[in-house]
Amino acid sequence: MKNYYQLLRNHSHPARFLLAKLLMLSGACRLITIQQRGYRLRFHNSNIAMYRWIAPGEQDAELEFFRAYLKPGDRVVDVGANIGETVLTESLAVGNSGRVIAFEPHPRTFSFLKQNLELNQARNVEAHNLGLGEKPGTVSFSDSKRDDMNRVNGDQSGLQVRIETLDRAIPHSDPVRLLKVDVEGYEKFVFLGAARLLSRTVCVYFEVSVVHFRWFDYTTQELLELVMGAGFQIFRIVQPGSLASVQANFNPEHFENLVALRDPADFQ
């Protein structure tokens, strides 16, 4: 109780946070939709939906990047789609002539994703309830209340989810303008199963986290060398429109989103 009181004291929107928790406990949240820039999200019992309801106008650097970078007609692959806010942002940016292929392995979260796609009539999105990795098979997947942190785990205590490689899941040869990967530390294995897709991808947006990678016994340097070996240069976005080059020994203490570019001049 003391920890909860401290959380409320430190929260930027304590009243809305408390009300959001009550709405989720009662189930009344399901009656609410959250207006975002150009689309709506249902207030499902999920962390991301809760945060968007608490502070709907807050800017998100990740979503701003997708809006600025993507153009009508682009092809996007979104790995770790969660409830769909990145997917819907991408869907709007690429328009009816573009295509978004989304992957979300957790069955409950995937059901929220599908409902949000239907709510917004996002017909340019192809969604798959599937995990991605180095080889096909089945893996144990966590089922935490913090649903935005669910991930592959090694103790067999979670859900069993099907896993595939990106190269097998997307066998066509169409160019990919953006590959977004956010899989709570499993990034290395997604890339290991995506050699062919990476070869026709222009830009990769992905997360690095020392803590997350430690769960799977590899380092940030191993991941960056893998991406660089696929023909990319890696950058941090230091401010909108400004990039800073990253070398393989880059090792931030906290998680950070990076951009891998096949042609930095074309990106600029």
Subject >> Backbone N/O of Gly185 and side chain of Glu187: donor-acceptor pair under 3.5 Å >> reply: yes
Original post:
Can you tell me how far the CZ atom of Arg262 sits from the CG atom of Leu198, to the nearest 0.5 Å?
Top reply: 7.5 Å
Subject >> Path from Leu192 to Val183 over hydrophobic side-chain contacts below 4.5 Å >> reply: yes
**OP:** Just say parallel, tilted or perpendicular for the rings of Phe206 and Phe191, cut-offs at 30° and 60°.
**Re:** perpendicular
Original post:
Out of curiosity, does Val152 fall in the hydrophobic cluster containing Val210 (side-chain heavy atoms, cut-off under 4.5 Å, transitive links)?
Top reply: no
**OP:** Return yes if some donor-acceptor pair links the side-chain N/O of Thr201 with the main-chain N/O of Leu197 below 3.5 Å, else return no.
**Re:** yes
Subject >> For Met24 against Asn45, the heavy-atom pair lying closest together >> reply: CE-OD1, 2.9 Å
**OP:** Of all the heavy-atom pairs spanning Leu159 and Pro107, show the shortest one and how long it is.
**Re:** CD1-CD, 3.8 Å
Original post:
So how far is it from Thr220 OG1 to Asn251 CG, rounded to the nearest 0.5 Å?
Top reply: 4.5 Å
Original post:
Which value, rounded to the nearest 0.5 Å, describes the distance between Leu224 atom CG and Ile234 atom CD1?
Top reply: 4.5 Å
Subject >> Derivation of the side-chain contact (heavy atoms from CB on, under 4.5 Å) call for Glu207 and His212 >> reply: CA-CA 10 Å; Glu207 183 181 88; His212 292 180; 3.6 Å; yes
Subject >> Contact check, side chains of Leu243 and Ile237, non-hydrogen atoms, under 4.5 Å >> reply: yes
Subject >> His172 atom NE2, over 12 foreign heavy atoms within 6.0 Å >> reply: yes
Original post:
Do the side chains of Phe267 and Val202 join up, straight or via other hydrophobic residues, at under 4.5 Å, putting them in one cluster?
Top reply: yes
Subject >> Taking every non-hydrogen atom, the tightest pair across Arg196 and Ser199 >> reply: O-OG, 2.5 Å
Subject >> Leu41 side chain near Glu85 side chain, heavy-atom distance below 4.5 Å >> reply: yes
Subject >> CA sep, side-chain torsions, deciding dist, call: Arg123, Gln121, side-chain contact (heavy atoms from CB on, under 4.5 Å) >> reply: CA-CA 6 Å; Arg123 297 186 178 89; Gln121 300 182 357; 3.7 Å; yes
Subject >> Test item: Val77 and Phe103 side chains (from C-beta on) under 4.5 Å apart, heavy atoms >> reply: yes
Subject >> Side-chain touch Leu166/Leu179, heavy atoms, less than 4.5 angstrom >> reply: yes
Original post:
With no hydrogens and no angle check, do the side chains of Ser144 and Asn150 hold a donor and an acceptor under 3.5 Å apart?
Top reply: no
Original post:
What about Leu178 and Phe235, same hydrophobic cluster or not, with Ile/Leu/Val/Met/Phe/Trp/Tyr joined at side-chain heavy-atom distances under 4.5 Å?
Top reply: yes
Original post:
In Å and rounded to the nearest 0.5 Å, what is the CG to CD distance from Asn129 to Glu104?
Top reply: 7.5 Å
Original post:
So with a 6.0 Å cut-off around CZ of Arg108, is the heavy-atom count from everything else above 12?
Top reply: yes
**OP:** Please check if the side chain of Asp147 supplies one atom and the backbone of Ser46 the other of a donor-acceptor pair under 3.5 Å.
**Re:** no
Subject >> Minimal non-hydrogen separation, Ala81 against Val87, with atom names >> reply: CB-CG2, 3.6 Å
**OP:** Look up atom CD in Glu184 and atom OG in Ser209, then write down how far apart they are to the nearest 0.5 Å.
**Re:** 8.0 Å
**OP:** Return yes when atom CG of Asp266 has more than 12 non-hydrogen atoms of other residues, nucleotides or ligands closer than 6.0 Å, and no otherwise.
**Re:** yes
Original post:
So Phe250 and Gln221, side-chain contact (heavy atoms from CB on, under 4.5 Å) or not? Walk me through it.
Top reply: CA-CA 7 Å; Phe250 178 69; Gln221 182 164 340; over 6 Å; no
**OP:** Output yes when a side-chain donor or acceptor of Arg236 lies under 3.5 Å from a complementary backbone atom of Val246, and no otherwise.
**Re:** no
Original post:
Is there side-chain contact between Val125 and Glu90, with at least one heavy-atom pair below 4.5 Å?
Top reply: no
**OP:** Using a strict 4.0 Å threshold on nitrogen-to-oxygen distance, state whether Asp148 and Arg52 make a salt bridge.
**Re:** no
Original post:
If you count the non-hydrogen atoms of other residues, nucleotides and ligands that lie under 6.0 Å from CZ in Phe255, is the total more than 12?
Top reply: no
**OP:** Say whether, by atom type as modelled, one donor and one acceptor occur between the side chain of Arg30 and the main chain of Gly27 under 3.5 angstrom.
**Re:** yes
Subject >> Asn120 side-chain N/O to Ala122 backbone N/O, donor-acceptor pair under 3.5 Å >> reply: no
Original post:
Out of Leu113, Asn116, Ile48, which residue meets the side-chain contact (heavy atoms from CB on, under 4.5 Å) rule with Asn82?
Top reply: Ile48
Subject >> Electrostatic pair Glu64-Arg37, nearest N-O below 4.0 angstrom >> reply: yes
Original post:
Distance only, no hydrogens: is a donor on one side chain within 3.5 Å (strictly under) of an acceptor on the other, for Asn153 and Ser140?
Top reply: yes
**OP:** Just do the side-chain contact (heavy atoms from CB on, under 4.5 Å) check on Leu23 and Trp53 with the steps written out, would you?
**Re:** CA-CA 11 Å; Leu23 287 168; Trp53 184 82; 3.9 Å; yes
Original post:
Angle class for the Phe216/Tyr186 ring planes (parallel below 30°, perpendicular above 60°, tilted otherwise)?
Top reply: perpendicular
Original post:
What about the rings of Tyr205 and Tyr69, do their centers lie closer together than 6.0 Å?
Top reply: no
Original post:
Any side-chain heavy atom of Phe66 sitting closer than 4.5 Å to one from Lys180?
Top reply: yes
Subject >> Minimum-distance pair of heavy atoms, taken over all atoms of Arg42 and Leu119 >> reply: NH2-CD1, 3.6 Å
**OP:** State whether the side chain of Asn124 and the backbone N or O of Val100 hold a donor-acceptor pair below 3.5 Å, judged by distance alone.
**Re:** no
Subject >> Lys188 side chain to Glu134 backbone, donor-acceptor under 3.5 Å >> reply: no
Subject >> Between Asp78 and Thr86, a side-chain donor and acceptor under 3.5 Å >> reply: yes
**OP:** Considering non-hydrogen atoms only, spot the tightest contact between Ser173 and Arg200 and give its length.
**Re:** O-CD, 3.4 Å
Subject >> Straight-line distance of Leu132 CG to Glu164 CD, nearest 0.5 Å >> reply: 8.0 Å
Subject >> Any side-chain donor near an acceptor of the partner, His128 and Glu126, under 3.5 Å >> reply: yes
Original post:
Do Arg75 and Arg177 touch side chain to side chain, with heavy atoms closer than 4.5 Å?
Top reply: no
**OP:** Could you check if a side-chain atom of Thr89 sits within less than 4.5 angstrom of a side-chain atom of Arg67, using non-hydrogen atoms only?
**Re:** yes
